[in-house]
Number of protein chains: 2
Amino acid sequence: MARPKSYNVEEVVERVVHAFWQHGYQALGLRELEHLTGLNQFAIRSEFGGKEGLYLTALELYTEAAISHAMQPVRDGRFLQISVFLRSLVTDGSMTSSKYGCLIVNTGIENARVGSTRLEEAVRRYWHELESSFLVCLQNAIEAEEIDPDIDPEPIAKGLVSAVMGVHAQNRLDQKNDAGKQLVEILCGQLKSMELS
Amino acid sequence: MARPKSYNVEEVVERVVHAFWQHGYQALGLRELEHLTGLNQFAIRSEFGGKEGLYLTALELYTEAAISHAMQPVRDGRFLQISVFLRSLVTDGSMTSSKYGCLIVNTGIENARVGSTRLEEAVRRYWHELESSFLVCLQNAIEAEEIDPDIDPEPIAKGLVSAVMGVHAQNRLDQKNDAGKQLVEILCGQLKSMELS
DNA sequence: GAAGTTTCTCTACAACTGCATGGAAATTAT
DNA sequence: ATAATTTCCATGCAGTTGTAGAGAAACTTC
């Protein structure tokens, strides 16, 4: 018994993600957000909790999608799944590849000042999840005797996370979704050299 | 025959660099900039050309300092100078190491939207200079038979640049000037494996 | 010391920000 | 139909933004 919403929530949130992804948080005003997404200001406030709430919603969708579709295969897969993941960062059509870089990287750098605790947590969760996925995969690889058992998985996992940030930063800088491919190749080469044959 | 400036230009520009470095461009207003740097608005406008002009001045100082003090040794040095450079990104007291990441990385990510041509050029120049330094060093290393001659220096140089971005992004995210050290170690390991013994 | 020149300070302005309000519009239940 | 409920839309508001102008202040030269 009410007027129906003029938008489809899922569609709209997807557009919200892309809008923030491309333009950043501060630079994107509410008026422009309306035009870009089809949302109205009432909905932004009542359904999402204002601009920051909307941003958090976008971050959560982005994170959940990345975890379930991109990171989970790494966690569950064999050693080469790490290389598959890395290459997907610079592959056309891949979910994790974009000429706008990575929403989380962009947020982390832009938000260093804003200091919103909720934003910071959302960002930290993403990277923790990625590092953890790398770590599990590396540990399994050692267990399965796919790679040299003398390897310390933790610094490798941490280092790979930083490298992923670099790939995304390069992609955004060049506005090309494969700009970071040379780094990806270096990393894949390094990973290959860890394999026992 | 005029009233003297109430500030020392060099000192002030240094403070401007740090202010933008820490807070970013958009988030830092002119009023706060006054308090942080000791500049007055008249000076910002008449001497630097407004906020964007001031930012460009800061970028130029930052870039010139990095080129002459951090990149030049790579260009002129032997192969291991690359590793020295990388380690300096995560070393206390180093000019290229900061818990606020790198002014150029931050600018590149934040400015993808602003679309200021002058800003974009300043950023591009920095990365081009770094890539070129890596490249020259690698070519010299091949010439001097320090490393495997089958190595293709160009993708390595490009990949290292992306990796440097990753180190800085990690440093900023964790607000620690050595947060990216694991990636640095991975890279140094890879470089070491390229050496002829 | 008076004139000339540059810098500084104060005020103001138009544009924009996110947010809030009030009434119209659209739907369902009675 | 009528009432109730929810959403939409237009307007407004206080705060902030970068910029600009007028007059005061500080210094040098004559």
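Throughout, a chain's letter reflects where its sequence line sits, starting with A, and its residues are numbered from 1.
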In short, ring pair (Phe, Tyr, Trp, His ring centres under 6.0 Å) pairs touching residues 28-51 of chain A with sequence neighbours left out are none
Please encode protein proximity along nucleotides 10-18 of chain D as a string of B, S and -, counting only heavy-atom distances under 4.0 Å.
--B----BB
Contacts to DNA chain C from residues 4-15 of chain B, heavy-atom cutoff under 4.0 Å, which residues?
B:Pro4, B:Lys5, B:Ser6, B:Tyr7
According to salt bridge (Lys or Arg N to Asp or Glu O under 4.0 Å), who are the partners of A:Glu60, at least two apart in sequence or on a separate chain?
none
Nearest-angstrom distance from the residue atom NE2 of A:His35 to P of D:dC9:
11 Å
Could you state the CG-P distance from A:Leu33 to C:dC19, rounded to the nearest angstrom?
11 Å
Co-members of A:Leu196 in a cluster of I, L, V, M, F, W and Y side chains, linked at under 4.5 Å:
none
So, using ring-ring contact (aromatic ring centres under 6.0 Å, His included) as the criterion, who are the partners of B:Trp127 when residues are at least two apart?
none
Side-chain donor-acceptor distances from residues 150-157 of chain A under 3.5 Å, at least two apart:
none

Name all pairs fulfilling the ring pair (Phe, Tyr, Trp, His ring centres under 6.0 Å) condition that reach into residues 153-176 of chain A, sequence neighbours left out, sorted by first residue then second.
none
Between C:dC16 (C1') and A:Glu34 (CD): distance, integer Å
14 Å
Non-neighbouring partners of B:Arg78 that pass salt bridge (Lys or Arg N to Asp or Glu O under 4.0 Å), sequence neighbours left out:
B:Glu146
In terms of side-chain heavy atoms of B:Arg45, which of D:dT19, D:dC9, C:dC19 is nearest?
D:dT19
Using a 3.5 Å cut-off and no angle test, enumerate the donor-acceptor pairs between side-chain atoms of residues 7-14 of chain A and protein atoms at least two apart in sequence or in another chain.
unit_1, atom_1, unit_2, atom_2, d
A:Tyr7, OH, A:Glu47, OE1, 2.5
A:Asn8, OD1, A:Glu10, N, 3.0
A:Asn8, OD1, A:Glu11, N, 2.9

How long is the line joining CG of A:Leu54 and P of C:dC19, in whole Å?
10 Å
Not counting sequence neighbours, which residues clear ring-ring contact (aromatic ring centres under 6.0 Å, His included) with A:Phe134? List them please.
A:Phe85
Applying side chain to side chain contact (heavy atoms under 4.5 Å, CB included) to B:Ile82 and B:Cys137, what does each step give before you reach the verdict?
CA-CA 8 Å; B:Ile82 296 180; B:Cys137 185; 3.7 Å; yes
Listed pairs, N/O of protein and of nucleotides 23-25 of chain D, under 3.5 Å:
unit_1, atom_1, unit_2, atom_2, d
D:dA25, N3, B:Arg3, NH1, 3.2

